[in-house]
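These numbers were taken from a predicted model, which means no experiment stands behind them. As a basis for the values below, the full set of heavy atoms in this structure was taken, side chains included, without hydrogen atoms, waters or symmetry mates.
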Amino acid sequence: MASKAKKKEADVWAEAVKKEPDPDKEFVKLVAGRTRWYRGVWIAILVGIAYLIMMTSNLPQPKPPIAPDFNPDGKQAAYQQVESWLAGTQPLGAHATIVSWDGSASVDVNDGKTPVKAIRHAMTVQGDDG
């Protein structure tokens with residue numbers, strides 16, 4: 001029995017020595033675990049940046065805006081026609097005026113035989129009564 005007691009004491013001592021971790025090995029394990037995690041984060045960040053660069057570099061170029069034409073063909077002639085109509089027959093009173101030109105549009109005019117393209121000008125007029 002004495003030998004078994006000695007053996008148990010020796011085993012307990014051996015187990016205690018084996019269970020005590022080596023601080024250097026534990027530090028290496030800790031750094032290696034963090035390095036894997038950080039490496040994964042950095043790879044994910046770099047992939048995300050590459051994806052954003054690819055997405056922004058393949059965008060189509062915007063078309064330049066259409067410049068408005070504030071003096072289209074026939075605008076002055078349309079002004080003269082409306083002013084002569086307002087002054088001649090005075091449908092809106094003696095002091096009727098053109099307030100604004102509201103644009104023009106191309107229209108097809110048909111006299112029954114041949115269609116003709118024309119430009120229709122829209123104007124706002126103001127009469128004596130407002």
Side-chain angles (χ1 to χ4, degrees):
M1 291 263 191
S3 65
K4 287 185 180 180
K6 287 183 182 179
K7 191 175 184 181
K8 284 184 180 178
E9 288 177 12
D11 289 340
V12 169
W13 177 253
E15 287 177 12
V17 171
K18 288 180 184 176
K19 287 184 179 179
E20 186 176 317
D22 184 16
D24 293 334
K25 287 183 182 178
E26 292 298 318
F27 179 72
V28 169
K29 287 180 185 177
L30 180 68
V31 170
R34 286 184 179 170
T35 303
R36 273 186 250 124
W37 186 78
Y38 287 136
R39 187 181 301 144
V41 168
W42 278 108
I43 288 172
I45 289 172
L46 291 175
V47 167
I49 290 171
Y51 177 74
L52 289 175
I53 289 171
M54 287 186 332
M55 291 301 294
T56 57
S57 66
N58 291 333
L59 292 176
Q61 295 298 323
K63 295 179 182 176
I66 299 171
D69 185 11
F70 293 113
N71 196 14
D73 296 335
K75 181 178 176 182
Q76 299 303 323
Y79 261 101
Q80 290 174 352
Q81 289 290 330
V82 173
E83 285 176 351
S84 67
W85 173 70
L86 289 174
T89 60
Q90 298 182 351
L92 300 176
H95 303 292
T97 58
I98 298 173
V99 176
S100 69
W101 173 76
D102 299 330
S104 63
S106 178
V107 293
D108 291 328
V109 179
N110 192 352
D111 63 353
K113 294 180 183 176
T114 57
V116 178
K117 290 214 179 261
I119 297 176
R120 179 183 52 86
H121 292 272
M123 295 186 188
T124 303
V125 295
Q126 182 178 9
D128 287 343
D129 56 354

Colleague: Which residues pass the salt bridge (Lys or Arg N to Asp or Glu O under 4.0 Å) test with K63, not counting sequence neighbours?
Modeller: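 K63 satisfies salt bridge (Lys or Arg N to Asp or Glu O under 4.0 Å) with no residue once adjacent residues are dropped.
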Colleague: Holding to salt bridge (Lys or Arg N to Asp or Glu O under 4.0 Å), I want the full list of residues that pass it with D24, two or more places apart in sequence or in another chain.
Modeller: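 Partners of D24 by the salt bridge (Lys or Arg N to Asp or Glu O under 4.0 Å) criterion come out as none, since no residue qualifies.
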Colleague: For the pair D108 and K117, evaluate side chain to side chain contact (heavy atoms under 4.5 Å, CB included) and give the outcome as yes or no after the intermediate values.
Modeller: CA-CA 5 Å; D108 291 328; K117 290 214 179 261; 3.3 Å; yes
Colleague: Supply the atom-to-atom distance Y79 OH to M123 CE, rounded to the nearest 0.5 angstrom.
Modeller: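 Reported value, rounded in 0.5 Å steps: 5.5 Å.
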Colleague: State, to 0.1 Å, how close P115 and N110 come at their nearest heavy-atom pair, and which atoms those are.
Modeller: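 Residues P115 and N110, closest heavy atoms: N-OD1, 4.1 Å.
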Colleague: For the hydrophobic clusters of this structure (ILVMFWY residues joined by side-chain heavy atoms under 4.5 Å, transitively), does one cluster hold both V31 and Y38?
Modeller: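 Different clusters.
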Colleague: Which value, rounded to the nearest 0.5 Å, describes the distance between T56 atom OG1 and I53 atom CD1?
Modeller: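 Reported value, rounded in 0.5 Å steps: 6.5 Å.
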Colleague: Would you please name every residue forming a side chain to side chain contact (heavy atoms under 4.5 Å, CB included) with Q80, sequence neighbours left out?
Modeller: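 Q80 satisfies side chain to side chain contact (heavy atoms under 4.5 Å, CB included) with no other residue.
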Colleague: Which value, rounded to the nearest 0.5 Å, describes the distance between L86 atom CG and S84 atom OG?
Modeller: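 Reported value, rounded in 0.5 Å steps: 8.0 Å.
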Colleague: In terms of hydrophobic clustering (I, L, V, M, F, W, Y; side-chain heavy atoms under 4.5 Å; direct or indirect links), are I98 and I119 co-clustered?
Modeller: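 No; tracing contacts between hydrophobic side chains, which count when under 4.5 Å, never links both residues.
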Colleague: Would you compute the distance between atom NE2 of H121 and atom CD of Q81 and round it to the nearest 0.5 angstrom?
Modeller: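 One gets 11.0 Å once the value is rounded to the nearest 0.5 Å.
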Colleague: For V125, run the side chain to side chain contact (heavy atoms under 4.5 Å, CB included) check against V99, V82, T97 and tell me which one passes.
Modeller: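 The side chain to side chain contact (heavy atoms under 4.5 Å, CB included) with V125 is passed solely by V82 among V99, V82, T97.
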